[in-house]
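To keep things clear, I will list the structure first and then write my remarks on it.
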Amino acid sequence: MGVFRVLFKPFGQTTGLARWLLISGLLLTAMFVTFALFAPWIAPYGFAEEVPKKVAPPGDGFLMGTNDLWYDVWSRVVWGSRTAIEVVILAVILGLLVGVPMGLVSGYVGGWLDRILVLIMDALFAFPPLLLAIVFAFLFRDLIGGGVMAVALALAVIYVPQYFRVVRNTTLSAREATYVEAARAIGAPGHTIMGRYLFSNVIQSVPVIGTLNAADAIGTLAALGFIGLGIQPTDAAEWGFDLQRALDDTEAGLWWTGVFPGLAIVLLVTGLTLVGEGLNETINPTLRKRRLRRFALPPRRPAVEEEAAR
Amino acid sequence: MVSRAGSLPRYMLQRLLLVIPMLFILLTLVFLIMRVAPGDPVSATVGGQLREEELERRRAALGFDRPLIVQYLDYLGDVARLDFGTTITDDQPIMNIVKENGGATLTLTVAAFAVALFLGVVFGLIAGRFRDSAGDVVIRLLGIATYAAPVFYTGILVKMLFAGNLGWLPPNRATSGFTESDVDEHTHILLVDALWQGETEAVVDILEHLVLPAATLGIFICGIFVRLIRVNVLQTLQADYVEAARARGVRESKVMRSHAFRNALVPVVTIIGLQVALLLSGAVLTERTFEWPGIGSELVRYITLRDYTAVQGIITMFAVVVVVISILVDIVIAIIDPRVRY
């Protein structure tokens, strides 16, 4: 329960615009999570189920029309949320599982291990994330097939350096705190200090990065699909793949095949970004603007008057 | 304490020496992923299409029958000489691809960067100055939306509207057919060649083709500039020197211009290095969207062909470019801002 209190504490402290943005973000995200969870009931057709009409415009039984593969666009959008959320959750969790312990150990132990890890992570961090994802997706496609897991792994790789950096830096500063020194003084072993004293400190910054990375991962997933490195269309519905197919439709005046899957990406990424930004504005003290009670100073009397009063 | 530790040449040297391990790690990583993990790149690329003897012959020709460590050292040596290998599928040196298609990518990225910088500065300053106003909210939402929209989605929408419905601009490619025949290639940057030769018609044609891709990529990148500049303005507005200026009775418009805004723009230089990475990623996707004949389009083409050495070569080349540019940016920052050197 303590975790929830920590997670929701910032929400109670938000005001005005920040709260509004946070709420709209949560609503948008919740909508797609609902799509993802209840896809079989919400979507009228399967994600790779052929419908009787090819490239039919929206309306007439097909809410968002159908595309050139005889698929129902609305169903693809709904099933696509399931794919996107599955991949992103997997990617963020995998990234956290690798990045957080590495950062913790590297920051706590220090020395040569730390230096080497920092060098490797910095090199990875400097590399354009999409290109890194391309390289890994290219490899995993051949090694384990172009499924959800392959793409999630490729995405996880690009977020590890971020978690590593943040966790390592927080660990470095928390390590010098008095209570850690006290724990060491009473003879707590390294893993206890890391697990009980440092971990809870370090984990506070993770929700913000986690949400922002999730937003980023949706875009990168779509990008991989767009250049043909994503999930195989028969495995799952994927918005980036749909956009790639829609590329040729634009000049033919078929707008619905591209507009709707793209809109889904924009809305989900916006939702997640708003949640992340909202959290950041409330957690980060340099940006925070808390509710302040107005306090009126008593009016100052002119000096002459004060003189007279004396 | 005055020491030489903070001198510019020393900083440059340190920064340059840091490149070596960084490049080394990146190259090793690329080599491990692209060469070692899949086994042998020839059968991974064209296996199943050719007979075993033919595969054997190609492996030998490309040197894949040698021990891995030899191949690795060879790869490092080649990259040091700016040789990024040869494609398997059509036997092209990667450096040729860079020469042929690099100009288009350069034109696109530079134009997009200019668009992004312009939009970022204008919107960022407005949003920061009028915090929480309607304008700020709209700009922030737009900033989030442009960042949220994958660059290829913006591209598709822009193409639909300006090339499809309105028919104002060409949707695809970098030129119309006539331009390519009119302009002799010298620099492989078509725009420069056309300007040099005074082919007005060709210049107009090239610019017309450039508008949509550059705007698309620029809009994609500008979100980060907007956010950064907005936050910087918010922070500088709270700074002591702004308060001091106000206390001295400096006019509010002047406080904004010379104290708040100017200082808010300085940190923008520092993220240009990071932006290069995003710009390159975005360029790959934008090129694919607009059939722009750049290196990114080639990369996607070779990905579809499963050409391991081509993908490896192009990615390596990108890695080198990113590292080199980030060094140059760091050095420029050090020259501008002496605090960095210490």
Side-chain angles (χ1 to χ4, degrees), chain A residues 16-18 20-21 119-120 122-139 141-143 215-216 218-220 222-223 226-229 239-240 243-244 246-247 249-253 255 258-259 261-263 265-274 277 286-287 289, chain B residues 18 21-26 29-30 33-34 37-38 44 131-132 136-137 140-141 144-145 147-157 159-160 163-165 171-172 231 234-235 273-274 276-282 284-285 288-289 299-300 303-304 306 308 311-312 315 318-319 322-323 326:
Chain A
L17 186 68
W20 187 82
L21 289 177
L119 253 180
I120 295 177
D122 275 0
L124 280 178
F125 195 74
F127 205 67
L130 178 68
L131 296 184
L132 200 59
I134 287 177
V135 172
F136 278 97
F138 190 74
L139 174 75
R141 179 178 68 176
D142 278 3
L143 285 187
D216 192 64
I218 303 276
T220 314
F226 183 73
I227 56 173
L229 274 176
W239 298 327
L243 281 173
Q244 185 209 25
L247 204 52
D249 296 347
T250 52
E251 278 137 84
W255 55 273
V259 165
L263 200 60
I265 302 175
V266 176
L267 290 179
L268 181 51
V269 175
T270 307
L272 287 167
T273 311
L274 286 176
E277 274 226 331
T286 57
L287 298 174
K289 216 182 165 187
Chain B
L18 260 179
M22 186 172 233
L23 266 181
F24 175 74
I25 289 167
L26 278 180
L29 195 85
V30 172
I33 301 169
M34 301 301 299
R131 182 183 189 176
D132 293 352
D136 179 25
V137 176
R140 282 175 74 192
L141 285 179
I144 293 173
Y147 180 68
V151 64
F152 45 90
Y153 182 51
T154 317
I156 287 176
L157 292 182
K159 258 168 84 165
M160 248 181 228
N165 289 1
N172 285 324
V231 171
L234 292 182
Q235 278 167 359
L274 288 174
V276 170
L278 193 65
L279 199 59
L280 272 183
S281 312
V284 172
L285 297 168
R288 170 80 181 86
T289 314
L299 175 65
V300 175
I303 285 173
T304 322
R306 291 175 175 251
Y308 267 85
V311 174
Q312 181 189 357
I315 295 282
F318 275 142
V322 167
V323 171
S326 75

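The chains referred to below are lettered A, B, ... by the order of the sequence lines, with proteins before strands, and numbering in each begins at 1. All values below were derived from every heavy atom in this structure, side-chain atoms included, with hydrogens, water molecules and symmetry-related copies excluded.
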Residue [X] versus chain B: region with a heavy atom under 4.5 Å:
X        : answer
A:Ala222 : both
A:Ile134 : side chain
A:Leu243 : both
A:Thr270 : both
A:Leu263 : both

Relative to chain A, which segment of [X] carries a heavy atom at a distance below 4.5 Å: side chain, backbone, both, or neither?
X        : value
B:Thr154 : neither
B:Leu279 : neither
B:Val151 : neither
B:Leu157 : side chain

Spacing of [atom1] belonging to [X] relative to [atom2] belonging to [Y], to within rounding of 0.5 Å:
X        : Y        : atom1 : atom2 : value
B:Leu29  : A:Leu124 : CG    : CG    : 5.5 Å
A:Phe226 : B:Ile156 : CZ    : CD1   : 5.5 Å
B:Arg306 : A:Arg141 : CZ    : CZ    : 4.0 Å
B:Lys159 : A:Leu247 : NZ    : CG    : 4.5 Å
B:Ile315 : A:Leu131 : CD1   : CG    : 4.5 Å
A:Ile227 : B:Thr289 : CD1   : OG1   : 10.5 Å

Between [X] and [Y], what is the shortest heavy-atom contact and its length?
X        : Y        : result
B:Met22  : A:Asp122 : CE-O, 3.5 Å
B:Ser281 : A:Pro128 : OG-CB, 3.4 Å
A:Ala223 : B:Phe152 : CA-CE2, 3.5 Å

Subject >> Test of ring centre spacing under 6.0 Å for B:Tyr308 and A:Phe138 >> reply: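 Under 6.0 Å, so yes.
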
Original post:
Under a 4.5 Å heavy-atom cutoff, which of B:Val300, B:Leu23, B:Val322, B:Leu26 has the most pairs with chain A?
Top reply: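 With the most close heavy-atom pairs to chain A, the winner is B:Leu26.
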
**OP:** Could you tell me whether a side-chain N or O of B:Tyr153 sits under 3.5 Å from a main-chain N or O of A:Ile265, the two making a donor and an acceptor?
**Re:**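 Flag not set: sc B:Tyr153 to bb A:Ile265 has no pair under 3.5 Å.
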
Subject >> Greatest number of heavy atom pairs closer than 4.5 Å to chain B - which of A:Asp216, A:Val259, A:Ile218 >> reply: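 Top count of heavy-atom pairs under 4.5 Å with chain B: A:Val259.
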
Subject >> Chi angles and distances behind the side-chain contact (heavy atoms from CB on, under 4.5 Å) call for B:Val30, A:Val135 >> reply: CA-CA 8 Å; B:Val30 172; A:Val135 172; 5.6 Å; no

